[in-house]
Amino acid sequence: MMRPVCAAWPLVACLSAAAQADPTVYKGAIGTHAIVVEFSDDVAKADGPVAGRYFYPAQGVDIPLNPVSAGSGKAELAEEKPCKPDICKEPEGDAEPKPPVEARWRLTAAQGGARLEGTWRREGGASLPIRLDRFGARPRPEGFSATPEGLAGALFALPHDQPLDKSAMPYEWLKMQVKLQEGPETVWGSAAFRQVVDPRTKFGFPRVTRLGSPVDAGHPVNIRLQNRHWRVSLDALSCKSMQYRGLGWTAAYPGSEGANLGGYDEQNIQVEYLSPMVMSWT
C-alpha cells in the first residue's frame, strides 16, 4: 500500500477582484534558464500588487512570487526561498508569517503586456536578465485569491476528469509538456500497451499502442489516460512545492527526507486487462 500522500490544498480567503484582470501566463527565461510564469494580474494594467508562481520545466515545481508593488506597467515581486525550521519559524500571536526571500524580480511591460523584461537579483548576490513572452490567460475563478496559493489552488477546483487544455489551464498544460520515458511494449493478442514515465514524478502510467490496429497518442483512450496521468503528476509536483511557505509549508513538512512527491512516486500502476473494448488497471 502506498503511504499517505500530502494533504489537499487548503481554501484561502479571497480578495476583491473588481479591478483585476485574468491570471496571465508567460514563457521565457531567467538568464539562459527556461521558465514558465503565471501572474495573478496583467502587469501592464495592474494598479496594485501582483503575485505569481513559476517553474523550471526540468523540475516542474512551483516557486512562489509574493507581491511587493505594481503600477504604471511595472512590478516588483519577492521570490521565496525553500523553508527549513530554522528560517521559517512560526510567528507569535496574530502576526503574518514572512517567507524567506531568495531573490527580487523587477519587471517592466512592453508591447502592451505581450512582453515583460527585467531583472532577477539574488538577495545579496548577482542579477540575471528576465525576458518573458505572453502565452495566454485563464478565466479568473470565483472567489480567486491573488496569492501564489490562490493561483495554485485553481487546479484543485476542477473536476478530476476535466481535460487540461491550454486555453482553460495554460500554466498546467505547459508544465506537462515534457518528454516521457517509454517502457517496452506489452502485447496481449490484438491489443498492446506500454508504460510511460514523467522523469520528474518517476511513476509509470499506461498508454495503449494497439487495439486491433495501431493507435497513436491522439486516440480517445490515450487522451483519457494522458489526462489521468497529468492530474496525478500535478498532484505529486504540488506536494513537492510545499517546501515553500507560500504553497503550504508547515513545521511538519517535509521532514527528515526533504522535499518529496508525497508518496506518488512509490505507486505501481499495473494493467490487469486490455482488449479492443475494455481496459482495467490497479
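A continuous path of Ile, Leu, Val, Met, Phe, Trp and Tyr side chains, each step under 4.5 Å between heavy atoms, connects Leu128 with Leu77, placing both in one hydrophobic cluster. Hydrophobic clustering (ILVMFWY, side-chain heavy atoms < 4.5 Å, transitive): Phe135 and Trp230 are in one cluster. Under a hydrophobic clustering in which Ile, Leu, Val, Met, Phe, Trp and Tyr are joined whenever their side-chain heavy atoms come within less than 4.5 Å, directly or via other members, Leu158 and Met176 fall into the same cluster. Grouping the Ile, Leu, Val, Met, Phe, Trp and Tyr side chains by contacts below 4.5 angstrom, directly or via other members, places Tyr244 apart from Val101. The hydrophobic cluster containing Phe156 also contains Leu261, counting ILVMFWY residues as joined when their side-chain heavy atoms lie under 4.5 angstrom apart, directly or transitively.
The shortest non-hydrogen separation linking Lys89 to Pro85 is CG-O, 3.4 Å. Between Ala70 and Pro49, the shortest heavy-atom distance links the atoms CB-CA, 4.2 Å. Contact between Ala168 and Pro139 at its shortest, heavy atoms only, is O-CD, 4.2 Å. Residues Ala29 and Gly31 approach most closely at CB-O, 3.6 Å, considering heavy atoms. The two residues Gly60 and Arg200 have their closest heavy-atom pair at CA-NH1, 3.7 Å. Residues Ser167 and Asp165 share a closest heavy-atom pair of OG-OD1, 2.6 Å.
Sequence neighbours left out, the pairs with a member in residues 28-39 that pass side-chain hydrogen bond (donor to acceptor under 3.5 Å, both in side chains) are Glu38-Arg53, Glu38-Arg138.
In this structure a side-chain-to-backbone donor-acceptor pair under 3.5 Å is present from Arg140 to Ser40. A distance-only check finds no donor-acceptor pair linking the side chain of Asp41 to the backbone of Phe39 [under 3.5 Å]. Side-chain N or O atoms of Arg228 include none that pairs as donor or acceptor with a backbone N or O of Ile223 at under 3.5 Å. Side chain of Glu123 to backbone of Arg104: no donor-acceptor contact under 3.5 angstrom is found. Under the 3.5 Å distance criterion, the side-chain polar atoms of Gln177 are matched with a main-chain donor or acceptor of Trp173.
In this structure, the side chains of Thr119 and Trp105 stay at 4.5 Å or more apart for every pair of heavy atoms. Within the 4.5 Å cutoff, no side-chain heavy atoms of Phe55 are placed close to those of Val61. Two residues are said to be in side-chain contact when any heavy atoms from C-beta on lie closer than 4.5 Å; Ile130 and Glu117 fail this criterion. Put simply, the side chain of Arg207 reaches to within 4.5 Å of the side chain of Leu180, judged on heavy atoms. The shortest distance between side-chain heavy atoms of Lys84 and Ile87 falls below 4.5 Å. The side-chain heavy atoms of Leu234 and Tyr264, taken from C-beta on, include no pair separated by under 4.5 Å. Looking at heavy atoms from C-beta onward, Ile269 lies in side-chain contact with Pro206 at the 4.5 angstrom threshold. The side-chain heavy atoms of Leu211 and Ser190, taken from C-beta on, include no pair separated by under 4.5 Å.
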Could you go through Asp198 and Lys175, starting from their C-alpha distance and side-chain angles, then the distance that decides it, and tell me whether this counts as salt bridge (Lys or Arg N to Asp or Glu O under 4.0 Å)? CA-CA 11 Å; Asp198 181 329; Lys175 188 179 289 191; over 6 Å; no
Under the side chain to side chain contact (heavy atoms under 4.5 Å, CB included) criterion, do Leu164 and Gln226 qualify, and how do the steps go? CA-CA 10 Å; Leu164 293 170; Gln226 173 183 271; over 6 Å; no
Evaluate the criterion side chain to side chain contact (heavy atoms under 4.5 Å, CB included) for residue pair Tyr253 and Cys83; output intermediate values, then yes/no. CA-CA 9 Å; Tyr253 179 89; Cys83 268; over 6 Å; no
For a side chain to side chain contact (heavy atoms under 4.5 Å, CB included) check, start with the C-alpha distance between Arg134 and Asp42, then their side-chain angles and the critical distance, and finish with the verdict. CA-CA 10 Å; Arg134 185 163 177 157; Asp42 186 338; 3.2 Å; yes
Kindly indicate, with the supporting measurements, whether the criterion side chain to side chain contact (heavy atoms under 4.5 Å, CB included) is fulfilled by Asn222 and Asp216. CA-CA 8 Å; Asn222 281 328; Asp216 61 14; 5.9 Å; no
Salt bridge (Lys or Arg N to Asp or Glu O under 4.0 Å) evaluation trace for Arg245 with Glu80: CA-CA 8 Å; Arg245 177 168 307 266; Glu80 288 190 28; over 6 Å; no
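To the nearest 0.5 angstrom, Arg122 atom CZ is 11.0 Å from Ser127 atom OG. The line from CZ of Arg231 to CD of Glu172 is 9.0 Å long, rounded to the nearest 0.5 Å. Between Ile63 atom CD1 and Leu247 atom CG the span is 9.5 Å, to the nearest 0.5 Å. In this structure, OG on Ser238 lies 8.5 Å from CG on Asp62, to the nearest 0.5 angstrom. Rounding to the nearest 0.5 Å gives a distance of 6.0 Å between CG of Leu237 and OG1 of Thr201. Remark: Gln59 CD to Ile35 CD1 distance equals 12.0 Å, nearest 0.5 Å.
Looking only at atom types and distance, the side chain of Tyr54 has a donor-acceptor partner in the side chain of Glu79 under 3.5 Å away.
The pair Glu185-Arg194 fails the salt-bridge criterion, with no side-chain N (NZ, NE, NH1 or NH2) lying under 4.0 Å from an Asp/Glu carboxylate O. Here Lys240 does not pair with Asp235 in a salt bridge; the nearest charged N to carboxylate O distance is not below 4.0 Å.
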Side-chain donor-acceptor pairs of residues 270-281 under 3.5 Å, sequence neighbours excluded:
| unit_1 | atom_1 | unit_2 | atom_2 | d |
| --- | --- | --- | --- | --- |
| Glu272 | OE2 | Thr282 | OG1 | 2.9 |
| Ser275 | OG | Met277 | N | 3.1 |
| Ser275 | OG | Val278 | N | 3.1 |

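Aromatic ring orientation, Phe205 versus His229: parallel (interplanar angle below 30°, classes split at 30° and 60°).
Each of Leu116, Val25, Leu107, Leu65 was scored for a side-chain contact (heavy atoms from CB on, under 4.5 Å) with Val37, with one residue passing: Leu65. Among the candidates Gln111, Arg115, Lys27, the single residue satisfying the side-chain hydrogen bond (donor to acceptor under 3.5 Å, both in side chains) test with Asp133 is Arg115.
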